[in-house]
Q: 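One structure, as C-alpha cells, below. Some questions next.
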Amino acid sequence: WVQEEAPDVLCLQETKCGVSAVPPEIRALPGLPHQFWASAEGRPGYSGVGLLAKTEPLNVTYGIGDPEHDADGRVVTAEFPSLFVVCAYVPNAGRGLVRLEPRMRFDAAFLEFLRRLDAQKPVLLCGDLNVAHAEIDLCHPRANRANPGFTPQEREGFTRLLGAGFVDSFRHLYPEARGAFTFWTYLGGARARNVGWRLDYAVVSQRLLGSLCDSKIRSTVAGSDHCPITALLAV
C-alpha cells in the first residue's frame, strides 16, 4: 500500500518499538530513505512514532519540549523548506478516564508547541489525536460521552487547537460527510458494520488552505484497527 500511495512523507503512530527493532522491510521501503523514530524511554512496546521522508528534512526534532511527556516518544517534527510536518500520537485518556488529567496537560503543552512552530512557518500535523471532535465523528456519540476520546474536555482541547489558527483538513473539505471513520475496535465485527471513530487527522495551518488539494480516508486499507489517511498539498 505504501508503494502504491507513494507518499512524500509517511507518518506512523503507536509503532511500539525502538529504533533497533524497526523491521527491515520498513527500513528498506523504496522512496523513503530518510527515517526518524521516537520510542518510549525504558518502556519497550509502548507508544512510539516514526516519520519517513522521500527528501531529507532541513531539521528534525523529537518531543514538544515538555519533560512530563517527551519520554513517551509521541512526537517527531520534520522541517521542510515550505512547512513543518509533525507526526504525533496523542495520549489516550485511559479506561475509566484514569489518565484524563495528564492527557489535558499534554493537549495544552502540545498546542503551545504547535503555536511556536506556526510562528516560524506553516504546519501540517498528522497523527492519531485520540479524539472524535464532533458527534458526526463517531458512530454512537450519545453512548460515548463519558468514554476516552469523546469527553467534553478532550473535545474542547481540539476546539482550542482549531481556534488557534489550525484547520481539520478533512472536515474543512467534507463538512457533512458521515460514516467517515479511521478507527474500529476489533470487537463485535465493528469494522464490517462501520461502527467506528474518526481519531486520525491531518490538521493544517490556516494559511495552508490554499495549498490543500484533498484529504482522504483510506478506509479499505486493512492491517490495523486504524486505517491510513492521506493529505494532498501543493507546496
Side-chain angles (χ1 to χ4, degrees), residues 1-2 4-15 32 36 38 49-55 57 60 64 74-90 106-107 110-111 113-115 117-118 121-134 136-138 149 154-155 157-184 196-221 223-235:
W1 177 80
V2 172
E4 287 179 5
E5 190 78 16
D8 294 300
V9 180
L10 176 66
C11 296
L12 304 172
Q13 296 87 36
E14 202 173 3
T15 53
L32 295 167
F36 309 93
V49 293
L51 188 150
L52 294 73
K54 183 180 291 185
T55 60
V60 175
I64 59 175
R74 294 187 176 277
V75 178
V76 173
T77 301
E79 180 183 0
F80 295 95
S82 57
L83 79 170
F84 290 103
V85 177
V86 181
C87 172
Y89 174 43
V90 170
F106 178 92
D107 280 0
F110 191 38
L111 178 53
F113 170 75
L114 294 172
R115 279 176 162 150
L117 293 180
D118 190 53
K121 62 176 65 173
V123 174
L124 166 61
L125 163 63
C126 299
D128 177 358
L129 304 189
N130 259 319
V131 62
H133 182 226
I136 196 174
D137 294 316
L138 74 167
E154 292 164 298
R155 296 168 66 192
F158 194 86
T159 298
R160 283 192 291 273
L161 174 65
L162 300 183
F166 297 95
V167 179
D168 173 355
S169 64
F170 178 83
R171 199 51 79 192
H172 172 77
L173 294 172
Y174 305 101
E176 305 299 329
R178 295 185 173 275
F181 306 133
T182 66
F183 165 81
W184 305 263
W197 300 56
R198 190 168 72 95
L199 301 179
D200 303 270
Y201 295 80
V203 173
V204 297
S205 296
Q206 196 147 13
R207 62 193 186 279
L208 276 179
L209 287 179
S211 303
L212 178 64
C213 301
D214 210 341
S215 186
K216 293 291 191 182
I217 294 174
R218 306 303 198 192
S219 56
T220 61
V221 179
S224 168
D225 52 358
H226 291 251
C227 74
I229 63 172
T230 303
L232 301 167
L233 291 94
V235 294

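Only a predicted model underlies this, so the values are computations on that prediction, with no experimental measurement involved.
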Q: Kindly list each side-chain donor-acceptor pair under 3.5 angstrom involving residues 126-134, sequence neighbours excluded, with atom names and distances?
A:
{"unit_1": "Asp128", "atom_1": "OD1", "unit_2": "Asn130", "atom_2": "N", "d": "3.1"}
{"unit_1": "Asn130", "atom_1": "ND2", "unit_2": "Val90", "atom_2": "O", "d": "2.8"}
{"unit_1": "His133", "atom_1": "NE2", "unit_2": "Thr159", "atom_2": "OG1", "d": "2.8"}

Q: Would Asp8 and Thr55 count as a side-chain contact (heavy atoms from CB on, under 4.5 Å) if you check the C-alpha gap in whole Å, the side-chain angles of each, and the deciding distance to 0.1 Å?
A: CA-CA 7 Å; Asp8 294 300; Thr55 60; over 6 Å; no
Q: Is there a donor-acceptor pair under 3.5 Å between the side chain of Lys121 and the backbone N or O of Pro81?
A: yes
Q: Are the side chain of Ser205 and the backbone N or O of Asp118 linked by a donor-acceptor pair below 3.5 Å?
A: no
Q: Checking ring-ring contact (aromatic ring centres under 6.0 Å, His included) against Tyr201, which of Phe170, Phe158, Phe183 comes through?
A: Phe158
Q: Where do Leu161 and Phe166 come nearest, in terms of heavy atoms and distance?
A: O-CD1, 3.4 Å
Q: As an exercise, state the distance from CZ of Arg74 to CD1 of Ile64, rounded to the nearest 0.5 Å.
A: 10.0 Å
Q: Just how far is it from atom CG of Asp168 to atom CG of Leu125, taken to the nearest 0.5 Å?
A: 10.0 Å
Q: Give me the atom names and distance for the closest heavy-atom approach of Thr15 to Val49.
A: OG1-N, 3.4 Å
Q: Not counting sequence neighbours, which residues clear side chain to side chain donor-acceptor pair (under 3.5 Å) with Arg171? List them please.
A: Asp137
Q: Would you give the length of the straight line joining atom CG of Leu162 to atom CZ of Arg160, rounded to the nearest 0.5 angstrom?
A: 11.0 Å
Q: Output the distance between atom CZ (Arg198) and atom CG (Leu138), rounded to the nearest 0.5 Å.
A: 11.0 Å
Q: Considering non-hydrogen atoms only, spot the tightest contact between His172 and Val167 and give its length.
A: CB-CG1, 3.6 Å
Q: Give the minimum heavy-atom separation between Val86 and Val75, together with the two atoms involved.
A: CG1-CG1, 3.8 Å
Q: With a 4.5 Å heavy-atom cut-off, do Trp1 and Thr220 have their side chains touching?
A: no
Q: Could you pull out all donor-acceptor pairs under 3.5 Å where a side-chain atom in residues 224-235 meets a protein atom, sequence neighbours excluded?
A:
{"unit_1": "Ser224", "atom_1": "OG", "unit_2": "His226", "atom_2": "N", "d": "3.0"}
{"unit_1": "Ser224", "atom_1": "OG", "unit_2": "His226", "atom_2": "O", "d": "3.4"}
{"unit_1": "His226", "atom_1": "ND1", "unit_2": "Asp200", "atom_2": "OD1", "d": "3.4"}
{"unit_1": "His226", "atom_1": "ND1", "unit_2": "Asp200", "atom_2": "OD2", "d": "2.8"}
{"unit_1": "Thr230", "atom_1": "OG1", "unit_2": "Glu5", "atom_2": "OE2", "d": "2.8"}
{"unit_1": "Thr230", "atom_1": "OG1", "unit_2": "Arg218", "atom_2": "NE", "d": "3.3"}

Q: Quick one: closest heavy-atom pair of Val2 and Leu32, and the distance?
A: CG1-CD1, 3.9 Å
Q: For the residue pair Leu12 and Cys87, what are the closest heavy atoms and their distance?
A: O-SG, 3.4 Å
Q: Using the ring of each side chain (for Trp, its six-membered ring), is Phe113 parallel, tilted or perpendicular to Phe110, with breaks at 30° and 60°?
A: parallel
